[in-house]
Amino acid sequence: MKIPYVVSTNTRNAYRTSQFMQESTGEATRKIVAENFEWDDNFSPAPLTYHAALSLSKIFHRINPLNVILRKDRDILMDLYPADVPLKFSVPLIKDEQYWKRALAANFPSRVELGITFWKGKYLSACLQDYLENVKPDIFLEDEAVELASLVSPYIFQLGLNQLQIIRQPTPPIPDENAIEDTCVFSVPKLYDHIPLEPVLRKLYNLQEISLVFGLNNLGSDYLPRYFEFSIKDCESLCRGLEYLYNLKIFRINRSNLDCSKAKIILQNLVKKESIEELDFNHCKIGDYGMKALGGFIYVHKNVKRIRIANNRFKEVGVAGIAYALQMHPAAPIELLDFSLNPMSLQCATIFAAAFVRCKEKPQTLIVNSCGFKGASAEKIVGLLSLNRGLTRLDMAANDLSGEAETTLISALERNRNILSIDLRKTHISDNTQAKVNELLERNKALIGVEREPSEEIPPLYLNEPEYLIWEYNPNNPDYIPGRYPERVPEV
């Protein structure tokens, strides 16, 4: 039984004798085929140990023989136990990973997982996720949820909820002829409460990553905007549960009605957790007020490294809040910023350029795909590479870099020897420009680990003269392009 699991299927297929060789004269008469692990199938009756294990597999809830039988018989039992053994019996007693791998394939066949080394934790996480995603808030039993969470908590390190059921909406009252009341369905106060996450989260003490979507899947023609709403009470319940997650590193809320007020409540609670390394608020509704709160979070927090805020609703004020936080010392050691799918004006590009020219070390990755950069705004973003030495990756796909931005890009890359990757897909640049960019990136990759003179990092470019410092670092100067300076006026 152990051989099919210890020796992988790919290895067995690679070393299996081909059909052509099996039919050859030397192989056809061979009586002992050592590489055939199933030689005795349908050849001899099963031993009594197999029939005993088959009987034991049907009464696992009454008899647990795992600690009193031989290892080889235990391996047989792992293949015979049904995949639907109640969790209260299987979780504390069954430790064999092959059983949990089979249970995941049997109970959740639609899940395609790669690179899993801990099948028990993955299966139990899927069970808890399935329960929380489909339980009705109107008949939610808190004791049942707490019991399940307590049972699986030692083995769960990641929890993702792709949907949450919404509570039943109140119906309008019966109209009274003698009372003046608004009985319109659309005027009834809406409640967007979901199941309380606090009692479940407070039991998952090993949780390191949590992903939430406050919405419903597969609605079809039944779609309503309110299915993706959630209330302040949902935020408060979530935050009270987060207080018990001492090992939380990644926090995500995607595709939900996460606006400024809710984002501020969540950030106020997360800022106390020093273990947080990544915040992901993609495809939400965070505006300028929420982005200023996120900027304050970056300024105060000491360990957050990755911020993803693609497809939100902030503008110049929100960008300024993030830019201000990045320039503060000390501040979070940001490694990645994802601003994709947020339309940005020329003023946003100017604020970005001013901030990234000052930030010499962080972040290392900037993602601004499909942000509407073109003309002067595109020049500013690519021009910041001439002075910024922290970026190693810049993603600008689906922006318009044609025209002067191409010249600025090449000029900036010739000075920058640290950038290693630039995504320029769908940017309308010429093939010659793309070839030159690839050449410069290969030059930079060849310089990894090579000591260079400090003078080659940042050319002088009159940086010691006050008027040029004002020109370079003024975020409200729409004519400024990083690395491009006005003509010098000789002093009389």
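Note that this is a predicted model, so its numbers are computed, not measured.
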* Structure fact -> The side chain to side chain donor-acceptor pair (under 3.5 Å) partners of Y155 (sequence neighbours excluded) come to none

* Asked: What residues form a side chain to side chain donor-acceptor pair (under 3.5 Å) with N282, not counting sequence neighbours?
  -> D280

* Do any pairs count as a side chain to side chain donor-acceptor pair (under 3.5 Å) and have a residue in residues 214-225, sequence neighbours left out, and if so which ones? ->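 Applying side chain to side chain donor-acceptor pair (under 3.5 Å) to every pair that reaches into residues 214-225, excluding sequence neighbours, yields nothing.
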
* Going by the side chain to side chain donor-acceptor pair (under 3.5 Å) test, which pairs reach into residues 304-315, not counting sequence neighbours? -> E278-R306, E278-R308, H283-N311

Tell me, please, which residues at least two apart from [X] pass ring pair (Phe, Tyr, Trp, His ring centres under 6.0 Å).
{"X": "Y81", "answer": "F60"}
{"X": "Y299", "answer": "none"}
{"X": "Y324", "answer": "none"}

* **Within-4.5 Å side-chain heavy-atom neighbours: V319 and M291** =>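 No; the side chains remain at least 4.5 Å from each other.
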
Between [X] and [Y], does any side-chain donor sit less than 3.5 Å from a side-chain acceptor?
{"X": "E442", "Y": "N438", "answer": "no"}
{"X": "T408", "Y": "E379", "answer": "yes"}
{"X": "R393", "Y": "T365", "answer": "no"}

* Asked: Can you list every pair that meets ring-ring contact (aromatic ring centres under 6.0 Å, His included) and has a residue in residues 334-381, with sequence neighbours left out?
  -> F314-F339, F339-F352, F352-F356

Return all side-chain donor-acceptor pairs below 3.5 angstrom for residues 422-429, not counting sequence neighbours, or 'none' if the list is empty.
from: D423; atom 1: OD1; to: R425; atom 2: N; distance (Å): 3.3
from: D423; atom 1: OD1; to: R425; atom 2: NE; distance (Å): 2.9
from: D423; atom 1: OD2; to: R425; atom 2: NE; distance (Å): 3.2
from: D423; atom 1: OD2; to: R425; atom 2: NH2; distance (Å): 2.8
from: T427; atom 1: OG1; to: L424; atom 2: O; distance (Å): 2.6

* Please work out whether the ring planes of F214 and F230 are parallel, tilted or perpendicular, with thresholds of 30° and 60°. => parallel

Please list, chain by chain and in numerical order, all residues satisfying side chain to side chain contact (heavy atoms under 4.5 Å, CB included) with [X], sequence neighbours excluded.
{"X": "N247", "value": "N206, Q208"}
{"X": "I265", "value": "I232, C235, C239, N269"}
{"X": "I210", "value": "L201, L207, L212, L248, F251"}

* Asked: Stepwise, does the salt bridge (charged side-chain N to carboxylate O under 4.0 Å, His left out) test hold for E198 with R202?
  -> CA-CA 6 Å; E198 176 192 0; R202 65 191 305 170; 3.4 Å; yes

* To do: Give a yes or no on whether the backbone of E274 and the side-chain of N303 come within a donor-acceptor separation of less than 3.5 Å.
  =>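 Looks like yes, one N/O pair under 3.5 Å.
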
* Other residues, nucleotides, ligands: >12 heavy atoms within 6.0 Å of K101 NZ -> no

